[in-house]
Amino acid sequence: MNQVSTISDLVAGDSYYRELCDQLGVAVIATDADLNITLWNAAAGRLFGAASEQMRGIAIVTVFPAERRAVAERFLRRAIEQGEGSEFEFDYRDSAGNRREYAAAVAPVLSPAGERAGLSM
């Protein structure tokens, strides 16, 4: 069995896990170590109003309100650097301009070698 380096490699490499992740009833988002989105499941698409194809490769901080992006980026980078998960809440305006409050759990994703490869939310 080939080793994978990130969660997106695992999901992309195995159709069972890809389908499982995509069909979960909760939003699952993963990033690489540079905080670019590598995984965005269907529930995340419904929650944020954007399909996976639109979100993969862009910076996760774009999901946060503009005035909170710098704080969100520091928080997420610290989670990667310290290798510790945590929880936070944030506001989001949907495409109709309605304010929504979300809670997220963030955890570092480690490569098989134990290196910090990104985040999962």
Residue list, salt bridge (Lys or Arg N to Asp or Glu O under 4.0 Å) with Glu101, at least two apart or on another chain
Arg99
Which of parallel (below 30°), tilted (30 to 60°) and perpendicular (above 60°) describes Phe64 and Phe88?
tilted
Is Tyr102 close to Leu47 at the side-chain level, that is, under 4.5 Å between some pair of heavy atoms?
yes
Taking side chain as C-beta onward, heavy atoms only, is Leu35 less than 4.5 Å from Ile80?
yes
Glu81 versus Arg116, closest heavy-atom pair with distance
O-NH1, 3.0 Å
Decide yes or no for Val63 and Met55: does some side-chain heavy atom of the first lie under 4.5 Å from some side-chain heavy atom of the second?
yes
Do you know which two heavy atoms are closest between Ile60 and Met121, and how far apart they sit?
CG1-SD, 4.1 Å
Closest non-hydrogen atom pair between Ala27 and Ala43, with its separation:
N-CB, 3.6 Å
Glu73/Arg77 ion pair, N-O < 4.0 Å
yes
Side chain to side chain, Val109 and Leu119, heavy atoms closer than 4.5 Å:
no
Can you check whether Ala42's main-chain N or O pairs, donor with acceptor, with Asp22's side chain at less than 3.5 Å?
yes
For Ala44 and Ile29, the nearest pair of non-hydrogen atoms, with its separation, is CB-CG1, 3.9 Å
Counting only N and O atoms by type, is there a donor-acceptor contact under 3.5 Å from the side chain of Trp40 to the main-chain atoms of Gln54?
no
Closest contact, heavy atoms only, Pro108 versus Gly85:
CD-N, 3.8 Å
Would you call the rings of Phe90 and Phe48 parallel, tilted or perpendicular, taking 30° and 60° as the class edges?
parallel
Within-4.5 Å side-chain heavy-atom neighbours: Val106 and Leu76:
yes
Please round to the nearest 0.5 Å and tell me the distance separating atom CG of Asn36 and atom CD1 of Ile58.
9.0 Å
What residues form a side chain to side chain donor-acceptor pair (under 3.5 Å) with Ser52, not counting sequence neighbours?
Arg56
State the CG-CG distance between Leu39 and Asn41, to the nearest 0.5 angstrom.
6.5 Å
